[in-house]
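Some notes on the structure that comes next.
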Amino acid sequence: MGIECFFIIFTIWSSRHQLLSGIFLNFAFCLAGYHLLQPLLNYELISKTKNEEKLLKNQREVLNEINSLKNKINELEISLEQAEFRVPKTFPNIKFLNYKDRKRILVTGGAGFVGSHLVDYLMKEGHEVIVVDNFFTGRKRNVEHWIGHGNFELIHHDIVNPLTIEVDEIYHLASPASPPHYMLNPVKTIKTNTVGTINMLGLARRVNAKILIASTSEVYGDPEIHPQSETYWGHVNPIGPRACYDEGKRVAETLSYAYAKQEKVQVRVARIFNTYGPRMHMNDGRVVSNFILQALQNESITIYGHGKQTRSFQYVSDLVDGLVALMNSSYSQPVNLGNPIEHNIDEFAQIIKSIVNGVDSSIKYLPAVEDDPQRRRPDISRAKKYLNWEPKVSLDTGLRKAVEYFRREILRSSMPIIPQKLLKRGDKDLW
Ligand code: NAD
Ligand code: UDP
């Protein structure tokens, strides 16, 4: 304000001195104008800086947004790469079947050891396959190479509960199969083989599907007849530790023939003998998996009892061929599917040792297990006659494939895989 006062005083003074007044008046107007405009100019400057700040802030926000989007894209790219790595983009080759020949086939227990090999076979033949499994002993990994294929479906379901689905054929395999697994929850094992089988037979009746039941050599129990033919009724302890499985399967067979007689369901019954091969559960406690694991990890090979008890081992692809042949046949009585070459467990331990090179595992004898069947060998004349089937894969060839599979699985695992132990006399706490 000082300068303005000065000009007012100067204007009054200069009015007395006419000459200078013109010059100063002009000057005064300019200066006053400048001062009057000053706030306006300042305002413009301030708002300009404010706008720039705003712009900068916006730019910063946009940059932050771009960076976070870039990060998200990177994360997505990484998970896509991982997904591509896990799920093969290409599927195994399959045959083409036209709609008249292509069947919709349900495989219960299809994520298990035998089931997954059967699924491979049926898929490659060009059928539509639906797997139903509760993953108790099965794994998605066994069938993951089909996940995403147009002909394949995987349903997480417990067959103790009813299932509604339209199918032409049912391979009913769902049930734990190894003694430690089926003894873990005997009540559930019985339910799976009885209630579960009723559900599957009921489904077959409703949709008029053919159904194959996976029964077992255990229906013969600890047999008094050797080798076991299908006409033998068996020798089973109904209250022993194996009863939940043995009797469960016997009821499953009884149910099958009751549905066949009363409801005209087309049933097939396969009595499966000891089967081995890749995708066996690593520590299911069966003799094949235990001995291979023990030999590969240089541990003692554990023989229960005297080692003179016998078993006959078939390779899984032979079993799959037999199951399909039985389903496609018109033969409805039970059929043994197994390899008739018999070995005692002592011999079997030596065979495993010779196949797993460089092993120096010792043999360790443990107490015998309760109700262990002493001799087992299938009479396969029925399968030969009605299915034109017999096993093709030798024990040596099959075991080498199984050993390779176990070797790879051990490498995948970061820690040693401990073989399961079977329940022994007095181990009442587990069941
Ligand atoms: P596994 O344990 O590998 O497979 C059984 C499958 O059934 C698993 O995927 C499991 O998760 C599933 N399952 C179990 N209970 C179920 C339920 N309640 N609902 C849905 N799914 C269920 O056994 P495996 O060796 O592949 O045996 C297959 C079939 O063959 C079984 O019925 C078994 O009794 C029979 N069998 C096998 C052998 C053998 O040596 N492997 C011998 C005789 C009979
Ligand atoms: N067995 C053995 N050592 C093991 C596992 C099993 O000596 O580590 C014996 C078992 O006692 C039986 C035979 O091998 O006599 C076959 O057992 P597995 O559990 O494989 O099948 P099973 O035919 O008894 O159902």
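What you see is a predicted model, and the numbers here were worked out from it, not measured in a lab. In listed order, ligands and their atoms are each counted from 1. Count residues from 1 along the sequence.
- Under a 4.0 Å heavy-atom criterion, Tyr245 is in contact with ligand 1.
- Residue Arg242 holds the heavy atom nearest to atom 24 (O) of ligand 2 of all those in Arg376, Arg286, Arg242.
- Heavy-atom contacts of Asn274 reach the following atoms of ligand 2: 21 (O), 22 (P), 23 (O) (cutoff under 4.0 Å).
- In this structure, Asp379 has no salt bridge (Lys or Arg N to Asp or Glu O under 4.0 Å) partners at least two apart in sequence or on a different chain.
- Close approach of ligand 1 to Ser215 (heavy-atom distance below 4.0 Å) involves ligand atoms 44 (C).
- Nearest-heavy-atom check against atom 29 (C) of ligand 1 across Val160, Thr192, Leu173 picks out Leu173.
- Interface atoms of ligand 1 facing Gly138, defined by a heavy-atom separation under 4.0 Å, are 8 (C), 9 (O), 10 (C), 11 (O).
- With a 4.0 Å heavy-atom cut-off, ligand 1 is reached by no atom of Tyr276.
- For ligand 1 and Ser175, the ligand atoms under 4.0 Å from any heavy atom of the residue are 5 (C), 7 (O), 13 (N), 14 (C), 31 (C), 32 (O).
- Residue-ligand proximity: Gln294 is placed with every non-hydrogen atom at 4.0 Å or more from ligand 2.
- For Phe152 and Phe91, the distance between ring centers is not under 6.0 angstrom.
- The Ala111 neighbourhood of ligand 1 comprises atoms 9 (O), with distances under 4.0 Å to a heavy atom of that residue.
- At the top of the distance list for atom 41 (N) of ligand 1, counting protein heavy atoms only, stands Arg286 NH1, 2.8 Å.
- The distance criterion of under 3.5 Å between nitrogen or oxygen atoms is met by Val114 with respect to ligand 1.
- With hydrogens left out, the protein atom closest to atom 4 (O) of ligand 1 is Gly112 CA, 3.5 Å, a heavy atom.
- The protein heavy atom nearest to atom 3 (O) of ligand 1 is Phe113 N, 2.9 Å.
- Backbone and side-chain nitrogen or oxygen atoms of Val287 are examined, and one is located within less than 3.5 angstrom of a nitrogen or oxygen of ligand 2.
- For an aromatic pair to be called close, the ring centres must be under 6.0 Å apart, and His156 with Phe135 satisfies this.
- The shortest heavy-atom distance from Lys249 to ligand 1 is under 4.0 Å.
- Ligand 1 does not have Met280 within reach: every non-hydrogen atom of the residue lies 4.0 Å or more from it.
- Using a 4.0 Å cut-off between heavy atoms, Ser217 makes no contact with ligand 1 at all.
- Using a 4.0 Å cut-off to heavy atoms of Asn274, the atoms of ligand 1 that qualify are 40 (O).
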